[in-house]
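Protein chains get the first letters and strands the later ones, always in sequence-line order, with residue 1 at the start of each.
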Amino acid sequence: MLHQISIFIENKPGTLHETLGIIKQENLQIVASSISDTAEYGIYRVITQDPQAAYEALKKHSLTMIMSEVLAISLVNVVGTAADTISLFTQEGLNIEYLYSFMWHQNGILIMRTNDQEKAMEIVRKHQLHCLESADLKF
Amino acid sequence: MYLRDLIFRKQTSMFLHQEESLDRAGIKALQWQRLQDTLRHCLQSDFYRQRFQEANLSIDDITCLEDIRKIPFTTKADLRATYPFGMACVPLEKCVRLHSSSGTTGNPTVILHTQKDLDEWAKAVARCLHMVGLRPGDVFQNSSGYGMFTGGLGFQYGAEHLGMLTVPAAAGNTLRQIKFIKDFGTTALHAIPSYATRLYEVMQEEGVDPKKDTKLKTLIIGAEPHSEAQRRRIEEMLGVKAYNSFGMSEMCGPGVAFECQEQNGLHIWEDYYIVEIVDPETLEPVPEGEVGELVLTTLNREAMPLLRYRTRDLTRILPGECPCGRQHVRLDRMKGRSDDMIILKGVNIFPIQIETILMKFKELGSDYLITLDTAEDNDIMIIEVELGDLFTDDYAKLQALNKEITRQLKDEILVTPKVKLVPRNSLPKSEGKAVRVKDLRKKF
């Protein structure tokens, strides 16, 4: 599992820039990020190296945020692997709340959160899926 | 020897002053005597002489306390019209200080003080602080603005009068406030409620645990309307007992009314003031225990006594006796100001009603902004409220929270507001009073 920091930001011009400015000011390396929004606000989800230190650094700026754990499944970079992998979860009746991806050492990484993280972990073990841990992100 | 005895008395006795211990009959007798003195004194001024003439009223028409109702009201408009010294009842050379309001909504108002006025003010504040258990040996830090704002010097002289070590930290510079609290062993702090919350937030950011790393035990809060829920939240955050303080610059400042250790209503010092509660529309007294506008007559002011001053604060007198034993009446928590009331779609709404609901939600922070606006010829209310720490990154849960807040607000204020969740520290904030209501409606 990877640690992800989710930051609540207002949906108006300049707010994302401001948040990224803080991340830059604290000298944090973004590994992956994703943003989704409603009419009024968005949640900016970001994976950094050394998440605990990143969280402490961002806390000083009193951002509205939470750190949580997400599945990060490493896939061989071949057409169709994402579809095959997701089907393992949907067959078991899990709902995928959100998903985004990034490349890491020639592999595609799927970050996802389901409505039942425990059951998701069972599926990971059953099918021996390879998952990244926070420590894997160190250069 | 004498001083030590005095300190001993102060540490053990429940009452700081004999007047504090009076029963109802004693209070009434003292009020009647002081009212007569006050009226005679007032009539030395052109302002009050003219007022009495216009009302065709003579001092001989006032034959008992209840006759006070014959006397015309004074208002903030009078203070503005006579700015700066037109309502003085002593020659200016007898005055030693003045305080002036900010004048954000018109001409500023000025209150003059003789040395005796300042001494009486300090005594009143000392009595309040003594009532909540503060004693010589306590360290009292004041985070009020000093200068013209009466919460600074008012608490300063009162706390010194009681014999505490005072830390006149003044407003702002939160990191320095926290350093003082730690280094000087501050046991009692005076702060407006929104600033108490701010202090806690900064303590958290700095890794200071107020319960372990400070000696804070008493908080004095006032000057800003706040709900019971907000008080309890502040108490829990800082690990203190928080007492409500009520004052206003026209009545010197702090020290008018204060909670005792029962934390149920604010005793107003009736040896200083005659209290009336009137209907703001008809100006007639309201039935006992009902909400109306607080009207005060000062009983021991020299420089600028005020007769039947309309405070615009809405409150009621709590019925029954206080278990603490003091017989000075208790005012209920202020319900708002008669000029603060929001009228939306014909419904009367007080910001404190909204705050009370918002404070019930643990997911929310303490700051909010109510905006009234016109959309397609309809009046709407938008309530922006800051989140605390983010409790989820799940949109569905955020939307559900939004819905629940909206539902509870509608139950309370009978109109459906648009609730917007915003990040913490994103709403406009001043070191002084937090901005709570903005009215952008088209005026027809």
Open item on the list: Tell me every residue that passes ring pair (Phe, Tyr, Trp, His ring centres under 6.0 Å) with B:F180, counting only those two or more places apart in sequence or in another chain.
Closed with: B:F184
Please tabulate, one pair per line, the N or O donor-acceptor pairs under 3.5 Å between chain A and chain B.
residue, atom, partner, partner atom, Å
A:Q4, NE2, B:D393, OD2, 3.2
A:S6, OG, B:D393, OD2, 2.9
A:S36, O, B:Y395, OH, 2.4
A:S36, OG, B:Y395, OH, 3.1
A:E40, OE2, B:K418, NZ, 2.6
A:Y41, OH, B:Q399, OE1, 3.2
A:I43, N, B:Y395, OH, 2.7
A:R45, NE, B:D393, OD2, 3.2
A:R45, NH2, B:D393, O, 2.6
A:S62, OG, B:E205, OE2, 3.2
A:S62, OG, B:N425, ND2, 2.9
A:T64, OG1, B:R424, N, 2.7
A:M65, O, B:L390, N, 3.4
A:Y98, OH, B:D393, OD2, 2.9
A:R113, NH2, B:D393, OD1, 2.4

Open item on the list: Strictly less than 4.5 Å between heavy atoms, which residues of residues 120-134 of chain A line up against chain B? Please order them by number.
Closed with: none
- [ ] Mark yes when over 12 heavy atoms from residues, nucleotides or ligands other than A:E118 sit less than 6.0 Å from its CD; otherwise mark no.
- [x] no
Task: Minimum heavy-atom distance A:F8-B:V422, with the two atoms named - done: CE2-C, 3.6 Å
Quiz: residues 74-84 of chain A side-chain donor-acceptor pairs under 3.5 angstrom, not counting sequence neighbours:
residue, atom, partner, partner atom, Å
A:S74, OG, A:N107, ND2, 3.4
A:T81, OG1, A:V76, O, 3.2
A:T81, OG1, A:V78, O, 3.0

Task: CG on B:L390 to CD1 on A:I43, rounded to 0.5 Å - done: 6.0 Å
